[in-house]
Amino acid sequence: MKRDDFISQMNDNLKLVRTEYGLNQDKMAVCIGISKKTLVEIEKGRSSLGWSGAVTLATIFSESTVLQNSYGGDMSDMLKALAFENTKIKYPKTMGGKIWWRECKSGKGWKIQQNYISQHYRLLTSDDRHVCSSFDYDTVLNAVAMLENRK
């Protein structure tokens, strides 16, 4: 998935999330920081949330059943994969991926997992510390090589 795909999907989910939360267009527009006119245009497919608006919607409505079912649970990891694409950062420890993740590959001191819904990958250390996330499997494999070379 690329940013444009995510934005498009969030545009499509906007009205569903608004309905799920029982918000009218005025209230929803205030919640995500856009005008009602812009919200109406997005819901009609004539405009877009853009990256910031899509992230805002995903963050504020992170407990939405619509969004969790669309993206495989908590979207924060997927958002980081999109936001930090081609950027190295230090991630905090995770819970190890007990529900939404399948293990793809593992080695001494690491494991690669893939989210069942969004299909993005992440690399965790043996103590479940997040090393990287990407939709590109080869990018995660390269991170494995760098991790192994540090030892």
Within this structure, what is the [atom1]-[atom2] distance for the pair [X] and [Y], rounded to the nearest 0.5 Å?
X: N13; Y: R18; atom1: CG; atom2: CZ; value: 13.0 Å
X: L123; Y: I112; atom1: CG; atom2: CD1; value: 6.0 Å
X: N11; Y: S47; atom1: CG; atom2: OG; value: 7.5 Å
X: I7; Y: L57; atom1: CD1; atom2: CG; value: 12.0 Å
X: R122; Y: D128; atom1: CZ; atom2: CG; value: 8.0 Å
X: K27; Y: L39; atom1: NZ; atom2: CG; value: 14.0 Å

_Quick check against the 3.5 Å criterion: does T125 have a side-chain atom that pairs as donor or acceptor with the backbone of R129?_
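Here the side-chain-to-backbone pair exists.
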
*Side chain of E20, backbone of T65: donor and acceptor closer than 3.5 Å?*
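Judged by distance alone, yes, a pair lies under 3.5 Å.
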
Determine whether [X] and [Y] make a side-chain contact, defined as any pair of heavy atoms from C-beta on separated by less than 4.5 Å.
X: S48; Y: I42; value: no
X: V131; Y: M146; value: no
X: Q113; Y: Y121; value: no
X: D138; Y: L141; value: yes
X: S62; Y: L67; value: no
X: M75; Y: T59; value: no

Return the minimal non-hydrogen interatomic distance between [X] and [Y], and the atom names on each side.
X: H130; Y: L124; result: CA-CD2, 3.7 Å
X: T56; Y: I32; result: CG2-O, 3.8 Å
X: S118; Y: F135; result: O-CE2, 3.3 Å
X: Q114; Y: C104; result: CB-SG, 3.5 Å
X: I117; Y: S70; result: CG2-O, 3.0 Å
X: N115; Y: G72; result: ND2-O, 3.2 Å

Between [X] and [Y], is there shared hydrophobic-cluster membership here, with clusters defined by ILVMFWY side-chain heavy atoms closer than 4.5 Å?
X: M78; Y: I60; value: yes
X: M1; Y: M10; value: yes
X: L14; Y: L82; value: yes
X: V30; Y: V17; value: no
X: L49; Y: L16; value: yes

*Salt bridge present between E85 and K2 (N-O < 4.0 angstrom)*: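 So E85 pairs with K2 through a salt bridge.
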
Please tell me whether [X] and [Y] have a donor and an acceptor in their side chains that are separated by less than 3.5 angstrom.
X: Q25; Y: E43; answer: yes
X: E63; Y: Q68; answer: no
X: S134; Y: D136; answer: no

*Which is it for F61 and Y21 under the ring-ring contact (aromatic ring centres under 6.0 Å, His included) test, yes or no, and what are the steps along the way?*
CA-CA 9 Å; F61 295 95; Y21 277 76; 4.7 Å; yes

_Run T38 and S35 through side-chain hydrogen bond (donor to acceptor under 3.5 Å, both in side chains) and show every step you take._
CA-CA 5 Å; T38 300; S35 70; 2.8 Å; yes

*ring pair (Phe, Tyr, Trp, His ring centres under 6.0 Å) with H120: which of Y137, Y71, W101?*
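Output: one option passes, namely W101.
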
